[in-house]
Amino acid sequence: MVLGFVAEVIAWSLVARGRNVWTTMTPVLATMGVVALVVGPIAWSPEVAPGVSLAVGLGLGVLLYVATRIAMVIMARWGTFRRHALEMYRKQGGLSLGAALVLSIALSVPGEELFWRGFFQGQLASSLEGRTALAAVLAWIAFVLANLPSANLAIAAGAVVGGAVWVGLAWWTGGVLASLA
């Protein structure tokens, strides 16, 4: 858990110093996900039927996307936030939108979810003797803290809001399936 946290902190620190976000974050997050699967165990959706978990996860994902687009229009009026969001896009190193989507969907997002909501949050819940709400809050705080070295308001806002949604889904389902969807 600590090694994954530190790996993400270092990776975001490198991105903040100008490294390409995709070539830096993708291998780190993918590796964190693989390690989570190996070290495990990963709970998928023991508290909620998998079909319901998938449907709710996908539905909330779409709602979060729409809310993010609306928030970005509103927040872009704040010059600093707009500059931070644009700076992150500049750190993609000329990677096409299609390639960025493939890397996100196939490697970055699954790795992040498997580690943070599958492994990290699950391990906290086990070590806290089933106090799953406390584990969810602590996992969310750790996730936000791991993203702060990005030194980017857009990334931090995504970690705060998106992290809360994904942690809530993992808490509700008892696993990672909904947040992964």
Side-chain angles (χ1 to χ4, degrees), residues 1-16 21 24-65 67-68 71 104-181:
M1 291 169 62
V2 172
L3 289 176
F5 174 85
V6 170
E8 189 157 343
V9 164
I10 291 169
W12 275 125
S13 297
L14 292 170
V15 171
V21 68
T24 304
M25 295 306 299
T26 301
V28 170
L29 293 172
T31 300
M32 288 166 58
V34 169
V35 170
L37 287 171
V38 170
V39 174
I42 301 291
W44 297 101
S45 187
E47 304 295 324
V48 176
V52 172
S53 186
L54 284 170
V56 171
L58 286 170
L60 280 176
V62 169
L63 287 175
L64 187 58
Y65 174 78
T68 299
S104 289
I105 293 168
L107 298 170
S108 297
V109 170
E112 184 173 76
E113 291 309 308
L114 287 168
F115 178 79
W116 285 107
R117 268 56 75 179
F119 177 70
F120 196 97
Q121 189 170 339
Q123 291 295 314
L124 279 177
S126 293
S127 68
L128 293 171
E129 299 174 356
R131 289 181 276 180
T132 58
L134 178 59
V137 169
L138 292 174
W140 174 70
I141 291 169
F143 177 69
V144 170
L145 290 174
N147 281 266
L148 290 181
S150 68
N152 188 288
L153 291 171
I155 297 298
V160 169
V161 176
V165 170
W166 300 314
V167 160
L169 284 171
W171 174 70
W172 172 60
T173 65
V176 70
L177 187 60
S179 58
L180 194 56

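Positions are given from 1, in the same order as the sequence printed here.
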Cut-off 3.5 Å, side chains only: do Thr173 and Glu47 have a donor facing an acceptor?
-> no
CD1 of Ile155 to CE of Met25, rounded to nearest 0.5 Å, is 8.0 Å
Would you say the side chain of Val2 lies within less than 4.5 Å of the side chain of Val6, judging by non-hydrogen atoms?
-> yes
Heavy-atom closest pair, residues Ser179 and Val176 = OG-O, 3.1 Å
Does any non-hydrogen side-chain atom of Trp12 lie less than 4.5 Å from one of Val15?
-> yes
How are the rings of Phe115 and Phe120 set relative to one another: parallel (under 30°), tilted (30 to 60°) or perpendicular (over 60°)?
-> tilted
Do Trp166 and Leu64 come close enough that some side-chain heavy atom pair is under 4.5 Å?
-> yes
Is there side-chain contact between Leu177 and Leu54, with heavy atoms separated by less than 4.5 Å?
-> yes
In Å and rounded to the nearest 0.5 Å, what is the CD to OG1 distance from Glu8 to Thr24?
-> 12.5 Å
In Å and rounded to the nearest 0.5 Å, what is the CG to CZ distance from Leu148 to Phe143?
-> 10.5 Å
Nearest-0.5 Å distance that lies between atom CG in Leu134 and atom CG in Leu124 | 8.0 Å
Please examine the side chains of Thr31 and Val35, heavy atoms only from C-beta on, and report whether any two atoms are closer than 4.5 Å.
-> yes
Measuring from Ser53:OG to Leu58:CG, what's the distance to the nearest 0.5 Å?
-> 9.5 Å
Heavy-atom check, side chain of Ser127 versus side chain of Met1, under 4.5 Å = no
Distance-only polar pair, side chains of Trp171 and Gln121, donor-acceptor under 3.5 Å | no
Would you say the side chain of Leu114 lies within less than 4.5 Å of the side chain of Phe119, judging by non-hydrogen atoms?
-> no
